[in-house]
Q: 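Got a structure for you, questions after.
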Amino acid sequence: MNLIDRDLKHLWHPCSQMKDYETFKPVEIESALGSIIHLKDGSQLIDAISSWWCKSLGHCHPDIQKRVIDQMQKFEHVILANTTNDTIVQLVEKLSAINPELQKVFFADSGSDAVEVACKMALQYHAQTGNAQKNQLLSLQNGYHGETTLTLAIGDCELYSKPYAAVMPKVEKLKKLPYVTGLEDPTWDNIDDQWPALELQLEQQKATLAAIVFEPLVQGAGGMLIYSAALLQKLRTWATANNVHLIADEIMTGMGRTGQYLACDWAGITPDYAVMSKGLTAGFTPMSVVLTRDSIYDAFYDDYATGKAFMHSNTYCGNAISAAAALGAFEVYEKEDTFAHVRKNAASLQQRLKTVGDNTGCLSNYRGLGYVAAADIIYPDGSTPEAVERMGYQIYQEAVKRGALLRPLGNTLYFFPPLNTPERVLDDMAAIAEESIKAVMMS
Ligand SMILES: Cc1ncc(COP(=O)(O)O)c(C=O)c1O
């Protein structure tokens with residue numbers, strides 16, 4: 001039996017209708033380096049989506065690889081409760097240097113775990129600081145925060161959550177978000193006209209609200225939608241005035257994707273919890289983290305008998321190999337000045353997508369921030385494809401045949417390459433996107 005048949009006999013692939021593999025088989029990976037994935041048949045794929053948004057420095061970065069190998073030779077994992085080691089301490093020092101107001105660092109395994117950690121901290125904080133009625137969460141329309149039941153409930157993507165609705169807690173969504181195109185949008189700095197409608201929704205819930213959970217500025221799985229820095233500033237002011245915590249899910253946006261450590265930095269605000277994963281280890285190994293304030297940590301700090309401790313653990317939290325990878329990622333981000341590179345080249349990444357649209361007439365509603373560029377797929381006559389037509393999926397298949405791993409979200413096409421992708425590879429990625437769109441939409 002060949003490898004693909006052996007795979008399909010047992011392997012249930014993530015986020016896939018397995019029947020699709022009858023006609024479009026999984027591609028067989030041989031190796032991967034930088035922004036390129038090499039296939040068994042000798043062909044290659046440009047990783048235009050950073051392998052689910054995590055490979056911020058591409059594959060097999062030698063500096064990170066070396067750190068990981070060195071760590072493996074010392075030890076690979078020891079329980080983090082009641083132990084410490086040089087690698088993890090170096091990492092918490094790096095993480096606490098991101099924002100002087102976020103000095104406490106809690107580790108988890110996956111992004112979803114870490115969002116739940118932040119939510120649990122906020123709920124427990126209010127319960128043990130005399131505000132037990134503050135026991136609800138609020139999140140944003142079109143948000144995505146992970147795949148556990150609570151994070152699906154906080155999220156607003158029915159595609160992923162619908163079958164489980166009966167066991168999901170009810171979490172209200174902030175609606176009527178004013179979406180923008182990016183930094184140049186006139187409402188980037190000012191949403192005074194839109195704010196009253198948003199504030200009204202917040203005011204109705206403030207008595208019971210423990211925290212607001214949001215993806216800062218860029219909502220990923222919801223369709224790469226962008227809202228303005230002004231909205232974050234308004235939320236910060238309102239939340240502080242009403243003793244409501246802000247949980248910034250920076251899992252996709254953090255560690256340089258938007259050209260800053262935290263997307264919140266664009267708005268000059270500090271959330272009460274910054275949740276990170278993905279780019280934290282540059283996608284080498286799983287690790288997630290919650291950064292929070294001393295004042296929140298202090299509400300849990302007391303004699304054991306008070307029951308105030310935060311009794312959360314994930315088996316591999318603070319895993320030494322992941323910590324070494326994260327230190328390696330920090331080292332490369334600093335040495336190569338990766339985030340400045342993103343800020344400098346973001347406009348040209350977005351222009352590449354615009355050129356694809358200009359050359360095909362099949363893209364509209366452009367938006368982008370940092371190394372995220374997105375647009376919606378339309379027919380050349382301007383009409384919108386139906387979801388059942390699965391145009392994004394067809395474009396994905398054409399792009400794989402031509403040498404790029406582009407994975408549209410429904411009818412949204414986006415570029416999300418490793419932050420250090422060479423220019424010529426970005427050019428090839430755009431050319432493949434263009435040819436694939438033409439093959440699907442104009443044939
Ligand atoms: C914004 C955001 N939050 C949470 C998650 C969930 O992270 P994980 O898949 O590691 O659980 C993701 C994953 O894509 C994400 O983009």
Side-chain angles (χ1 to χ4, degrees), residues 13-16 47-56 106-120 137 139-157 159-161 164 168 171 173-174 177 211-227 232 246-258 260-264 266 271 273-291 312 314-319 322 325-326 329 369-372 374 405 407-410 412 414 416 418:
H13 286 257
C15 206
S16 299
D47 192 347
I49 57 154
S50 300
S51 283
W52 263 337
W53 316 340
C54 66
K55 300 299 308 177
S56 43
F106 193 96
F107 288 101
D109 289 354
S110 69
S112 310
D113 292 336
V115 173
E116 292 223 8
V117 164
C119 292
K120 287 169 65 179
L137 301 165
S139 52
L140 271 48
Q141 68 176 94
N142 296 316
Y144 176 82
H145 299 285
E147 299 290 342
T148 58
T149 336
L150 178 61
T151 55
L152 284 173
I154 300 164
D156 188 27
C157 295
L159 176 65
Y160 311 120
S161 64
Y164 326 110
M168 282 162 35
V171 176
K173 305 294 174 320
L174 189 63
L177 292 193
I212 305 173
V213 191
F214 54 91
E215 295 160 275
L217 304 182
V218 189
Q219 296 182 303
M224 295 294 164
L225 302 168
I226 299 181
Y227 62 84
L232 285 186
L246 291 187
I247 300 175
D249 176 350
E250 296 261 10
I251 288 165
M252 185 196 75
T253 51
M255 299 308 283
R257 179 51 57 180
T258 72
Q260 309 275 6
Y261 272 107
L262 302 176
C264 284
W266 284 108
Y273 311 85
V275 184
M276 289 193 284
S277 188
K278 297 194 188 272
L280 174 62
T281 64
F284 244 72
T285 47
M287 169 172 259
S288 59
V289 73
V290 177
L291 310 185
H312 180 105
N314 294 108
T315 304
Y316 299 106
C317 60
N319 173 265
S322 294
L369 183 66
Y371 259 32
V372 184
L405 191 63
R407 213 166 176 276
L409 289 157
T412 295
Y414 67 96
F416 200 110

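What you are looking at is a predicted structure, and each value in this text was computed from that prediction instead of being measured. First listed ligand is number 1; within each ligand, the first listed atom is number 1.
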Q: Once side chain to side chain donor-acceptor pair (under 3.5 Å) is applied, do any residues pair with T151, and if so which ones, sequence neighbours excluded?
A: T148

Q: Mind checking whether F107 and Y316 have ring centres under 6.0 Å apart?
A: no

Q: Enter the distance from L152:CG to S112:OG here, rounded to the nearest 0.5 Å.
A: 8.0 Å

Q: Who are the side chain to side chain donor-acceptor pair (under 3.5 Å) partners of S288, not counting sequence neighbours?
A: none

Q: Side chain to side chain donor-acceptor pair (under 3.5 Å) with Q141: which residues, sequence neighbours excluded?
A: none

Q: Test your reading of the model: is there a side-chain donor-acceptor pair from S50 to the backbone of C54, 3.5 Å cut-off?
A: no

Q: Could you list each nitrogen or oxygen of ligand 1 that sits under 3.5 Å from a protein nitrogen or oxygen, with the atom names and the distance?
A:
{"unit_1": "ligand 1", "atom_1": "3 (N)", "unit_2": "D249", "atom_2": "OD1", "d": "3.3"}
{"unit_1": "ligand 1", "atom_1": "3 (N)", "unit_2": "D249", "atom_2": "OD2", "d": "2.6"}
{"unit_1": "ligand 1", "atom_1": "10 (O)", "unit_2": "G111", "atom_2": "N", "d": "2.8"}
{"unit_1": "ligand 1", "atom_1": "11 (O)", "unit_2": "G111", "atom_2": "N", "d": "3.4"}
{"unit_1": "ligand 1", "atom_1": "11 (O)", "unit_2": "S112", "atom_2": "N", "d": "2.8"}
{"unit_1": "ligand 1", "atom_1": "11 (O)", "unit_2": "S112", "atom_2": "OG", "d": "2.5"}
{"unit_1": "ligand 1", "atom_1": "14 (O)", "unit_2": "K278", "atom_2": "NZ", "d": "2.9"}

